[in-house]
Amino acid sequence: MPTPHRTKEICRAVRLKSTQVFIVAGTILITVLVTLVCIGLTTRYEVENEVANVADVDYWKDRVSAVQKVWYDKGIAELNEALRKPRGPLFPKNVLIFMVQGVGGGDLAAYRFPVISGNSQGNTNFLWDTFSHVARLKNSCSQQSPCQVGSVSRALWSGIPLDVSLGGESDCWIADNQTDNFLSVVRQAQLAGLRTGFVTDQRITGTTGAALYGNSKYECDERMPVGSIQMGCQDIARQLISGETGKSLNVIMGGGRQMLNSLVPKTKWDLVDELLCESGDGRNLLKEWRSQKLRHSKIEPIKFEVVQRTDELESLNATSFDYLMGVFANGDLSGNPRAPSLTLMVEKSLKVLKRNKQGYFLLVEHFIKSGMDKRMQLELLNETLSNLQSEEDTLTLVLVTNAIYPKPSLDVSEETETISHLSEFFGEDEIEIQRRLYQMPTDSLVFAKGPKSSLFYGVQKETFLAHSLAYVLSRSKDG
Ligand SMILES: *[C@@H]1O[C@H](CO)[C@@H](O)[C@H](O)[C@H]1NC(C)=O
Ligand SMILES: *[C@@H]1O[C@H](CO)[C@@H](O)[C@H](O)[C@H]1NC(C)=O
Ligand SMILES: *[C@@H]1O[C@H](CO)[C@@H](O)[C@H](O)[C@H]1NC(C)=O
């Protein structure tokens, strides 16, 4: 039996040995690590070099004929453009979205070809064709599962799926209470500290507006049941003026005067649109907006204005304004030939929104109605976009949707039939069904450029847009 003293000695010896073992093992480990890091760096350097110098990469230059080489060189130049590393910050400071309703992928393909008699110039690009990323958003509205336009807007801008029915038959969730309300992308932008704006050539109380700052089914009071009004429900026009999201919007521009005011000027160039809601409760929400801002200006110095004519908008020094409300038609802007162009509205809006230290979120809606010249409208939009200064810290999206949403017929529950039962259901023959399916609305397209544009890829659901914007906006305030 070793004495305690002996034990201690043995222990000391062993400890010494284990220390040595650790030193040796440590040295080997460090050597291995250093080698690995070196290999890693070399490989990385090579990869980066390869990417950076595509033009120098030998693509069998000596093997292709001179004629072919011209096109290869051109192609490699385009490839180089595609491989160029994105500059700018990781997350955008600003988010700028153009939503084009009423055109499909087919229209985009067709109108890329300019109309030039005689010598064809081939096809050119729209500006959004050169954006770095693109995604398709599935259209889940079909003859089998029709949907309300309002639900589509809500899916796009609040991320609530189309097949989720909300609140049953009730007309509203008690409005005006943001804690109970949906967080639309605009509200999220406001919470992130961005300046926000919504510009449309439809009514500011239309379905897009409703999805951004309201939740009502009614644009104005006209068709709203008395019971709902008594319950405290509000229509969209009123929600725009009294809701937190609406109040915080720095820029709001479009049509819809007849929803906001019960008494509107009727001129031969700006008639009241009989097909749309007409307010009849004696309201003057434009005046209410102005007095609200006046009260606000007593607390902090803000500059605000309501404009209703193109010349007023043109002469406005927008850079000095904090809040701007522009209502230029009783109904849609297309109903008033004297309404301002989309280009002018966008230009002025950006002047109000852009500040050095604060980012902005602007949603521009351009509605191309079925009777309009689509080519001309797309070219106008292309021009509006090319007039904008390109900013490295801005995520720019162009969303193209065809805005064809089959409406639910009276009995929605009957419409969940499978395709094989379609013929009985519609009482149509096979060819007619095929034709209908062919008319199925195409996917929407999202073209994206700028920081985080790489989020937009592949084929996604309608709600993907709102969810990815939520992610982007959650970080915009940091940088
Ligand atoms: C879009 O605008 C760009 C830049 O101004 C122009 O080069 C291009 O031809 C336009 N595209 C179409 C299809 O009009
Ligand atoms: C909003 O909802 C919260 C929680 O349910 C409630 O405490 C608050 O009083 C409501 N505000 C209004 C204005 O109704
Ligand atoms: C517009 O307003 C800004 C800020 O108040 C001012 O600096 C600028 O001089 C004004 N421009 C014109 C043309 O009045």
Side-chain angles (χ1 to χ4, degrees), residues 74 77-78 81-82 84 96-134 195 197 201 250-251 253 293 296-297 300-307 309-326 340-358 360 364 366 368 372-392 394 396-402 442 445-450 453:
K74 221 174 152 188
E78 280 165 10
E81 190 58 33
R84 225 159 38 105
L96 176 58
I97 306 174
F98 285 85
M99 181 198 202
V100 193
Q101 301 220 59
V103 290
D107 299 318
L108 290 184
Y111 299 130
R112 266 186 212 116
F113 287 89
V115 265
I116 297 169
S117 51
N119 198 5
S120 165
Q121 300 290 304
N123 64 344
T124 53
N125 277 332
F126 286 114
L127 217 67
W128 49 88
D129 291 327
T130 64
F131 283 13
S132 57
H133 294 87
V134 62
R195 293 167 75 81
D201 49 20
N250 299 88
V251 175
M253 268 193 231
K293 294 294 179 256
H296 183 174
S297 71
E300 63 175 320
I302 55 163
K303 208 169 162 195
F304 58 92
E305 190 58 275
V306 179
V307 289
R309 291 198 322 264
T310 302
D311 58 322
E312 286 177 318
L313 182 63
E314 265 168 354
S315 58
L316 192 86
N317 181 5
T319 41
S320 59
F321 281 87
D322 299 293
Y323 296 93
L324 182 61
M325 162 84 89
S341 66
L342 195 72
T343 309
L344 180 66
M345 293 195 294
V346 171
E347 182 201 314
K348 293 289 179 180
S349 301
L350 285 173
K351 289 223 165 94
V352 176
L353 293 174
K354 279 187 191 176
R355 291 291 183 276
N356 275 342
K357 294 220 169 65
Q358 213 179 349
Y360 67 82
V364 180
H366 181 40
I368 302 178
M372 290 181 173
D373 181 344
K374 286 187 190 177
R375 176 191 295 279
M376 200 184 82
Q377 295 297 324
L378 284 172
E379 280 173 1
L380 273 175
L381 186 77
N382 187 57
E383 200 184 307
T384 304
L385 271 157
S386 54
N387 286 343
L388 298 179
Q389 276 175 328
S390 134
E391 296 166 307
E392 274 177 16
T394 303
T396 307
L397 304 180
V398 175
L399 166 66
V400 180
T401 77
N402 57 22
T442 54
L445 297 170
V446 188
F447 299 86
K449 75 163 180 179
S453 55

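The structure presented is a predicted model; accordingly, all values stated were derived computationally and were not measured. Order of listing sets the numbers, starting from 1, for every ligand and every atom in it. Because only heavy atoms are used, hydrogens play no part in the values below, and waters and symmetry mates are left out as well, while side chains stay in.
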- Note on the structure: CG (Leu342) and OG (Ser349) are apart, to the nearest 0.5 Å, by 9.0 Å
- Indicate yes or no: does an N/O atom of Tyr111 lie under 3.5 Å from an N/O atom of ligand 1? no
- Item | Top protein contact for atom 12 (C) of ligand 3, by heavy-atom distance | Asn317 ND2, 3.2 Å
- For Asp107, the option from Lys374, Arg112, Arg375 that meets side chain to side chain donor-acceptor pair (under 3.5 Å): Lys374
- Task: Could you find the nearest protein heavy atom to atom 5 (O) of ligand 3 and give me its residue, atom name and distance?
- Result: Ser320 CB, 3.4 Å
- Please round to the nearest 0.5 Å and tell me the distance separating atom CD of Glu379 and atom OH of Tyr111. 10.5 Å
- Would you confirm whether any non-hydrogen atom of the protein falls under 4.0 Å from atom 7 (O) of ligand 1? no
- Note on the structure: Among non-hydrogen protein atoms, atom 1 (C) of ligand 1 lies closest to Asn382 ND2, 1.5 Å
- Answer yes or no on whether Lys293 is positioned over the face of Tyr323, meaning its NZ or CZ is under 6.0 Å from the six-membered ring centre and within 45° of the axis. yes
- Task: For the residue pair Glu314 and Leu344, establish whether any side-chain heavy-atom pair is separated by less than 4.5 Å.
- Result: yes
- Which atoms of ligand 1 have any heavy atom of Asn125 under 4.0 Å away? 1 (C), 8 (C), 10 (C), 11 (N), 12 (C), 13 (C)
